[in-house]
Amino acid sequence: MTLEQIQTGTVILTPTAVQAVRELMKERELEGYALRVFVAGSSCSGLQYGMALEKNIRPEDLVSEFEDVRVVVDEVSINYLQGATVDYVDGPMGAGFKIDNPNVAPSCGCSSSSSSAQGGCSGCG
């Protein structure tokens, strides 16, 4: 683990992401809230992720602390987010959170019937 990131058993939050969450919660006066990270579904282009600032934490949620920011992941999403990195980027295309997930196999934009079991495509186009 480097000073650049803080790691738990489920997700990694970069210091930039921690600061962005902290600022959002302060702006919106959301004391006692946590950042919920979840898998919202999947398509042939990969997993779709969601994030929300939430106060309701269920007993089955995995809760991690990053300085003063709590992160919660539900019991289903944990299986897909192991080792994923949440970052906050601010660039020419705008600002926002970005999730880099090493568990996702490469995919293409074709239908699921033309994707191979290894996550690649056979005959897109």
Side-chain angles (χ1 to χ4, degrees):
M1 179 169 39
T2 69
L3 296 175
E4 298 285 319
Q5 56 194 18
I6 304 165
Q7 184 170 2
T8 69
T10 302
V11 296
I12 300 164
L13 248 61
T14 65
T16 307
V18 170
Q19 184 63 31
V21 172
R22 185 183 297 127
E23 289 173 8
L24 274 173
M25 289 193 294
K26 184 177 179 181
E27 283 175 15
R28 298 178 183 180
E29 299 178 2
L30 299 175
E31 189 173 326
Y33 279 64
L35 175 67
R36 179 174 293 280
V37 182
F38 57 94
V39 174
S42 66
S43 67
C44 63
S45 60
L47 292 175
Q48 297 174 359
Y49 305 100
M51 287 186 255
L53 296 174
E54 185 174 307
K55 192 165 191 164
N56 299 322
I57 299 172
R58 301 180 313 242
E60 58 272 4
D61 289 334
L62 176 68
V63 180
S64 302
E65 297 268 341
F66 298 90
E67 298 175 26
D68 57 343
V69 174
R70 287 184 303 160
V71 176
V72 295
V73 181
D74 65 79
E75 69 278 8
V76 174
S77 297
I78 288 169
N79 297 319
Y80 299 98
L81 291 171
Q82 190 74 23
T85 300
V86 178
D87 195 9
Y88 185 81
V89 294
D90 190 358
M93 300 297 288
F97 290 95
K98 174 186 168 195
I99 296 179
D100 180 30
N101 190 343
N103 303 306
V104 177
S107 61
C108 66
C110 57
S111 70
S112 59
S113 62
S114 41
S115 294
S116 72
Q118 290 78 28
C121 282
S122 57
C124 282

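Every heavy atom of this structure was used, including side-chain atoms; hydrogens, water molecules and symmetry mates were not. All of these numbers come straight from a predicted model, not from anything done at the bench.
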Within-4.5 Å side-chain heavy-atom neighbours: D87 and L13: no
Single-linkage hydrophobic cluster L30~M51, side-chain heavy atoms < 4.5 angstrom: yes
Cluster check M25, V37: I/L/V/M/F/W/Y, side chain < 4.5 angstrom: yes
Atom CZ of F97 with >12 non-hydrogen neighbours under 6.0 angstrom: yes
Side chain to side chain donor-acceptor pair (under 3.5 Å) against D68, all qualifying residues, sequence neighbours excluded: R22
Contacts of type side chain to side chain contact (heavy atoms under 4.5 Å, CB included), residue N101, not counting sequence neighbours: L47, Y49, L81, A84, N103, V104
side-chain contact (heavy atoms from CB on, under 4.5 Å) between T14 and V86, worked out: CA-CA 6 Å; T14 65; V86 178; over 6 Å; no
From CZ (R70) to CD (E65), nearest 0.5 Å: 6.5 Å
Test item: side-chain donor near acceptor, T85 and D100, under 3.5 Å: no
Pairs where residues 23-39 contributes a residue and the test side chain to side chain donor-acceptor pair (under 3.5 Å) is met, not counting sequence neighbours: Q19-E23, R36-E54, R36-D61
In one Ile/Leu/Val/Met/Phe/Trp/Tyr side-chain cluster, 4.5 Å: V18, L62: yes
Cluster link V63 to F66, ILVMFWY, side chain under 4.5 Å: no
Beyond-backbone contact of D74 with R58, side-chain heavy atoms, under 4.5 angstrom: yes
Exercise: identify the closest heavy-atom pair between F38 and A52: CE2-N, 4.3 Å
Hydrophobic cluster membership, Y80 vs V72, 4.5 Å side-chain cutoff: no
Flag, side chain of S77 to backbone of V39, donor-acceptor distance under 3.5 Å: yes
